[in-house]
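Here's the structure, in structure tokens; my notes come after.
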Amino acid sequence: MAEDLLKDVASRATRYLDDVTQRRVFPSPDAVRDLQRFSVQLQDEPLDAAQVLAELDTLGSPATVAGTGGRYFGFVTGGALPAALAANMLAAAWDQNGGLEIQSPVAAHLERVCRDWLVSLLGLHAQTEVGFVTGATMANFTGLASARHAVLHAHGWNVEAQGLFGAAPITVIVGDEVHVSVLKALSMLGLGRERVVRVPVDGQGRMIAARLPAVAGPTIVCLQAGNVNTGAFDPIGEIAARLRGSGAWIHVDGAFGLWAAASPAQRSLASGLDLADSLATDAHKWLNVPYDSGLVFVRDRSALNGAMSASAAYLIEGQTRDPHLFVPEMSRRARAVEVWAALRSLGRRGLGEMIERNCAHAARFARELRNAGHQVLNDVVLNQVLVAFGSPDVTRRVIAAIQQDGTCWCGGTAWQGNIAMRISVSSWATTDADVEQSIAAILRCAERS
Ligand SMILES: *Cc1c(COP(=O)(O)O)cnc(C)c1O
């Protein structure tokens with residue numbers, strides 16, 4: 001029974017992946033309308049698992065967004081590498097609780113292996129610890145919780161035990177182009193998303209180091225490795241040098257940009273990462289593992305464990321590396337499995353090549369759209385391209401037209417007073433042919449708009 005079912009799911013998944021390269025990127029209006037057929041009263045009697053799966057595939061698969069194919073350029077998503085997808089399916093069969101080493105020795109061990117590989121690949125400080133979270137939002141939350149722990153601990157205050165009431169105020173400094181997920185994390189931590197000190201940025205969205213205010217008292221500085229619109233990096237090394245000796249905690253949001261550090265050609269963008277106290281990134285974006293998967297890196301393990309522990313007991317637990325001490329969750333899936341599989345299948349060279357291929361494709365989008373007379377609004381330093389097609393209204397029409405056309409999918413964004421189409425190239429699956437086909441479709445839509 002289970003065997004037939006698993007064979008059936010493997011063949012349905014294979015068919016889906018074959019089909020996804022041919023079909024429209026955004027589902028057809030018919031497929032979306034057919035989702036109504038899921039909306040039935042829950043029946044009284046059990047239903048055969050094979051029938052449940054068939055229903056899910058028949059109604060669900062056509063209504064998916066083809067984010068795993070090579071022509072999805074919306075947001076910054078990434079696809080799913082074959083090894084990571086397969087590992088995800090095996091891990092589902094394992095059904096491990098990744099919270100405690102005694103509940104899953106394999107999950108805990110793979111976290112250790114991934115930690116060593118990632119610290120080396122990204123050039124982080126050797127002591128850095130890692131937590132496997134759901135995404136960069138939770139990675140920002142976890143890094144900033146560690147920051148809150150450390151800067152108040154240095155002032156003799158135990159924030160986990162005593163809370164924020166009565167603590168010394170923490171100054172939080174961000175760039176004017178801070179990602180909303182950092183502000184959300186600050187709001188959840190009681191640090192307030194509106195009481196931040198904003199530092200002006202330049203025309204690419206980079207924090208201007210010379211405008212950093214003088215710091216005193218408990219301070220957290222939030223930097224960015226990879227602006228979500230332009231791909232630009234804050235000058236991390238320069239800002240860290242200005243902050244040296246101040247006791248300020250440096251947190252870096254590198255949801256996708258951090259992976260530049262794994263590419264010899266792009267690494268110079270990311271210099272200074274080893275000076276950060278905490279960093280957040282996604283594995284489900286540029287590492288191309290299935291959702292959901294994010295990583296938080298914290299240099300001082302005691303700050304991370306102190307912030308994430310349910311009690312002071314972590315101090316004596318020490319023998320094992322219990323994964324729950326590194327993340328907000330207790331019970332959770334064994335997320336390191338896919339990270340391990342992605343890294344193991346790519347190797348150092350494969351990872352670097354994937355990053356560089358995506359960047360080369362972004363450069364090609366920019367070159368050909370510019371040659372056709374359209375405006376590229378950013379310096380294309382990484383995988384992000386911002387294009388305007390004339391007036392904001394025309395640009396909006398081109399974006400709507402490309403989304404309707406279905407050849408590829410690009411979203412819209414507001415950038416420093418302009419409206420732009422944003423093209424993010426971050427999938428392992430994107431080929432030269434995908435880029436050619438997509439450029440042709442965009443030019444076609446622009447001509448008609
Ligand atoms: C995507 C993104 C985030 C949020 O990541 P999630 O995985 O959606 O939680 C944070 N910062 C930047 C720069 C991003 O691009």
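Both counts, for ligands and for their atoms, begin at 1 and track the order of listing.
For ligand 1, the atoms sitting less than 4.0 Å from at least one non-hydrogen atom of F256 are 15 (O), numbered in the order shown with element in parentheses. Taking every heavy atom of G135 and a limit of under 4.0 angstrom, the matching atoms of ligand 1 come to 7 (O), 9 (O).
With a heavy-atom cut-off of 4.0 Å, T137 touches ligand 1 through backbone and side chain alike. Both the backbone and the side chain of A136 come within 4.0 Å of ligand 1, judged by heavy-atom distances. Contacts between F75 and ligand 1, counted as non-hydrogen atom pairs separated by less than 4.0 Å, are absent for every part of the residue. Counting heavy atoms under 4.0 Å from ligand 1, residue K285 touches it through the side chain alone.
Within the 4.5 Å cutoff, the side chain of V25 has no heavy atoms near those of the T407 side chain. Y291 is listed as a side-chain neighbour of T77, based on a closest heavy-atom distance under 4.5 Å. Under the 4.5 Å side-chain criterion, counting only non-hydrogen atoms from C-beta, V182 is in contact with L144.
The protein non-hydrogen atom at the shortest distance from atom 10 (C) of ligand 1 is S181 OG, 3.0 Å. Regarding atom 11 (N) of ligand 1, its nearest protein heavy-atom neighbour is D253 OD2, 2.8 Å.
In this structure, R321 forms a cation-pi arrangement with F326, its terminal cationic atom sitting closer than 6.0 Å to the ring centre and no more than 45° off the ring axis.
For A255, no nitrogen or oxygen atom sits less than 3.5 Å from a nitrogen or oxygen atom of ligand 1, counting backbone and side chain alike. Here's the thing with Q224: none of its N/O atoms is less than 3.5 angstrom from an N/O atom of ligand 1.
Heavy-atom separations between H284 and ligand 1 include at least one value shorter than 4.0 Å.
Ring centroids of Y72 and F26 are separated by 6.0 Å or more, keeping the two rings apart.
Note: L295 CG to E111 CD = 9.5 Å, rounded to the nearest 0.5 Å.
No side-chain N or O of T230 forms a donor-acceptor pair with one of Q384 less than 3.5 Å apart. Judged by distance alone, the side chains of N229 and R422 do bring a donor and an acceptor atom under 3.5 Å apart.
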